[in-house]
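Notes for the one structure printed next.
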Amino acid sequence: MEKELMIMTGCDRGLCKKGIGRQDRQLNTYDWLADVPGNVDTTDLVEVQFKHTRKGYYHNVNKLPLQKGDIVAVEANPGHDIGVVTLTGRLVHLQLKKANLKSADDIKRVYRIARPVDMEKYREAKAREHATMIESRQIAKNLGLKMKIGDVEYQGDCNKAIFYYIADERVDFRQLIKDLAATFHVRIEMKQIGARQEAGLIGGTGPCGRELCCATWMKNFVSVGTAAARFQDISLNPQKLAGMCAKLKCCLNYEVDDYVEASRRLPAKDIQLQTLDSDYYYFKADILAGLITYSTDKNVAANLETITAERARQIIEMNRSGVKPESLVEGATRKAPKGPMDLATQENINRFDRAKKKKKKKKQPSQPKNGKE
């Protein structure tokens, strides 16, 4: 558990690179102001992270020389909790805006840098979490509650436990809280989370080969709709669009604004292009590259031609003026139509059969004349 709390880099108090080096924790924030003189003195606020993605903000009222990676004991209700300092200085104010704290009373105090006694109590609390989660699931099942307890987090002093649960409908867990308190003899706090938050707690690797965004840097979840996939011309395959949480992938929203802006430079899909060769219909487009592929058939791919969006707009303006270009491709000559095949100039198709017969024909042995040799 100590390994989970800090990375030893030649310093007896954990990470001593002033927040510049990479930290092996979820939702890590790169402190790009860490080496600016006087950065820490701008505020007494510090960001402290606990298990998985839970973070809190505290006042360093005792003026402790805290650095990123220090293990500290902070004020809790009741008792104290143990966490890791993940950010100091003026960047904490920007993080506070994301946290949406309702009042200044939510910001408590940092007591001290964790002592060996605190760490021993902390390890004892963490050792109980898995067994508590398994037993609490059985208790909820016995009560017939339609909910799933995804994780349990004990406070650093073992006085309180947070039960994270998922439920599709509203759950009356008043009896559950009584049973949990009687079983584990701690103060109980129930916290409902969504499928995306559960994926962030568990962690994992996405189909892109990287760690899940919700487990590494994403803190606020924005709703994702299938319209984002349509704007990017992505196949509406539920198996490919769904992430590890069985919801639409959050990364569908990352580039959708660029695709929407780029698609405005393309002509409408329902516009038909007319040339002397044929009429062409929209087939597909490379939105970011500004290339459009047209087909001579409205339903299937036939005689595909790929042109730029500028060339397509030129042809549209020409068609509106009653002019038809020779071809979609600029500078290309008109294709000569293929006429019917003149069978009179072709050899007889039976020549293939004659060739086979010649191969099969064998020489007969010569017969003696008049029966004499």
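The analysis underlying the following values was restricted to heavy atoms, covering all of them including side chains, and did not include hydrogens, waters or symmetry mates.
A salt bridge is absent between Asp279 and Lys298: the closest approach of a Lys/Arg side-chain nitrogen to an acidic carboxylate oxygen does not fall below 4.0 angstrom.
Applying the side-chain hydrogen bond (donor to acceptor under 3.5 Å, both in side chains) rule to pairs touching residues 175-186 yields Gln175-Asp179, sequence neighbours excluded. Sorted by first and then second residue, the salt bridge (Lys or Arg N to Asp or Glu O under 4.0 Å) pairs involving residues 232-258 (not counting sequence neighbours) are Asp233-Lys269. For residues 159-171, the pairs satisfying salt bridge (Lys or Arg N to Asp or Glu O under 4.0 Å) are Lys160-Glu189, with sequence neighbours left out. Listed by first and then second residue, the salt bridge (Lys or Arg N to Asp or Glu O under 4.0 Å) pairs that reach into residues 221-232 come to none, sequence neighbours excluded. Within the structure, salt bridge (Lys or Arg N to Asp or Glu O under 4.0 Å) contacts touching residues 190-206 (residues at least two apart or in different chains) are Lys148-Glu198.
Of the possible donor and acceptor atoms, one in the side chain of Ser295 sits under 3.5 Å from a partner among the backbone N and O of Val300. At least one donor-acceptor pair closer than 3.5 Å links the side chain of Asn39 to the backbone N or O of Arg90. With hydrogens and angles ignored, the 3.5 Å screen pairs no side-chain donor or acceptor of Arg264 with any backbone N or O of Tyr259. Proximity of a side-chain donor or acceptor of Asn142 to a complementary backbone N or O of Gln138 within less than 3.5 Å is detected. For Gln192 (side chain) and Ala167 (main-chain N/O), a donor-acceptor pair under 3.5 Å exists by modelled atom type. When atom types are taken as modelled, the side chain of Asp44 and the backbone of Lys63 share no donor-acceptor pair closer than 3.5 angstrom.
A distance of 4.0 Å separates CZ in Phe184 from CD in Glu135, rounded to the nearest 0.5 Å. Atom NZ of residue Lys141 and atom CE of residue Met147 lie 14.5 Å apart, to the nearest 0.5 angstrom. Here the straight-line distance linking atom NZ of Lys324 with atom CG of Leu273 works out to 12.0 Å at 0.5 Å rounding.
Taking the side-chain contact (heavy atoms from CB on, under 4.5 Å) definition, one finds that Met244 meets it with Leu212, sequence neighbours left out. Legend: residues meeting side-chain contact (heavy atoms from CB on, under 4.5 Å) with Ala181, ordered by chain and number and at least two apart, are Ile188. Remark: Asp118 engages Ala73, His80, Ile82, Arg112, Ala114, Arg115 in a side-chain contact (heavy atoms from CB on, under 4.5 Å) (not counting sequence neighbours). Ile234 meets the side-chain contact (heavy atoms from CB on, under 4.5 Å) test with Ala229, Gln232, Leu241, Leu252; sequence neighbours excluded. Residues passing the salt bridge (Lys or Arg N to Asp or Glu O under 4.0 Å) test with Arg109 are Glu75, sequence neighbours excluded. Partners of Arg210 under the salt bridge (Lys or Arg N to Asp or Glu O under 4.0 Å) rule, at least two apart in sequence or in another chain, do not exist in this structure. Glu317 is linked by a salt bridge (Lys or Arg N to Asp or Glu O under 4.0 Å) to Arg320, counting only residues two or more places apart in sequence or in another chain.
For Asn237 and Gln239, the side-chain atoms include no donor-acceptor pair closer than 3.5 Å. Using a 3.5 Å distance cut-off with no hydrogens or angles, the side chains of Gln274 and Asn319 do not pair a donor with an acceptor. In summary, the side chains of Tyr294 and Thr306 do not present any donor paired with an acceptor at a separation below 3.5 Å, with no hydrogens or angles considered. A donor-acceptor contact closer than 3.5 angstrom links the side chains of Glu47 and Thr86. Between Glu153 and Tyr164, the side chains place a donor N or O and an acceptor N or O closer than 3.5 Å (distance only, hydrogens not considered).
Using cut-offs of 30° and 60° for the angle between ring planes, the Trp217 and Tyr254 rings count as tilted.
Taking both residues in full, the closest heavy atoms of Asn253 and Ser223 are given as ND2-O, 3.3 Å, listed atom of the first, atom of the second, then distance. Cys245 approaches Ala195 most closely through the heavy-atom pair CB-O, 3.5 Å. Nearest heavy-atom pair, Ser263 versus Ile287, reported as atom, atom and distance to 0.1 Å: N-CG2, 3.7 Å.
The environment of CZ in Phe231 is sparse: at most 12 heavy-atom neighbours from other residues, nucleotides or ligands sit within 6.0 Å. Taking a 6.0 Å sphere around NE2 of His130, one finds it holds 12 or fewer heavy atoms contributed by other residues, nucleotides or ligands.
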**side-chain contact (heavy atoms from CB on, under 4.5 Å) between Leu64 and Val110, intermediate numbers included** = CA-CA 9 Å; Leu64 300 172; Val110 176; 4.2 Å; yes

**Request:** Walk me through it: do Tyr57 and Val92 pass the test side-chain contact (heavy atoms from CB on, under 4.5 Å)?
**Result:** CA-CA 8 Å; Tyr57 299 90; Val92 181; 3.7 Å; yes

**Message:** Does Leu328 form a side-chain contact (heavy atoms from CB on, under 4.5 Å) with Ile315? I'd like the steps, not just the answer.
**Reply:** CA-CA 8 Å; Leu328 282 187; Ile315 297 176; 3.4 Å; yes

**Request:** Check the pair Glu129 / Lys126 against salt bridge (Lys or Arg N to Asp or Glu O under 4.0 Å), numbers first and verdict last.
**Result:** CA-CA 5 Å; Glu129 289 180 348; Lys126 294 301 168 184; 2.9 Å; yes

**Item:** side-chain contact (heavy atoms from CB on, under 4.5 Å) assessment of Gln67 paired with Val85
**Value:** CA-CA 7 Å; Gln67 297 175 350; Val85 176; over 6 Å; no

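Aromatic ring centres of Tyr165 and Phe173 lie closer together than 6.0 Å.
When the side chains of ILVMFWY residues are joined at heavy-atom separations under 4.5 Å, either directly or via intervening members, Val260 and Leu288 end up in two distinct hydrophobic clusters. Ile162 and Tyr154 fall into different hydrophobic clusters, defined by Ile, Leu, Val, Met, Phe, Trp and Tyr side-chain heavy atoms under 4.5 Å apart, directly or through other members. A single hydrophobic cluster is not seen to contain both Ile107 and Val61; linkage of ILVMFWY side chains at heavy-atom distances under 4.5 Å, directly or through other members, places them apart. A continuous path of ILVMFWY side-chain contacts below 4.5 Å connects Leu94 to Leu96, so both sit in one hydrophobic cluster. Under a hydrophobic-cluster definition in which Ile, Leu, Val, Met, Phe, Trp and Tyr are linked whenever side-chain heavy atoms come within less than 4.5 Å, directly or via other members, Ile316 and Tyr281 are assigned to different clusters.
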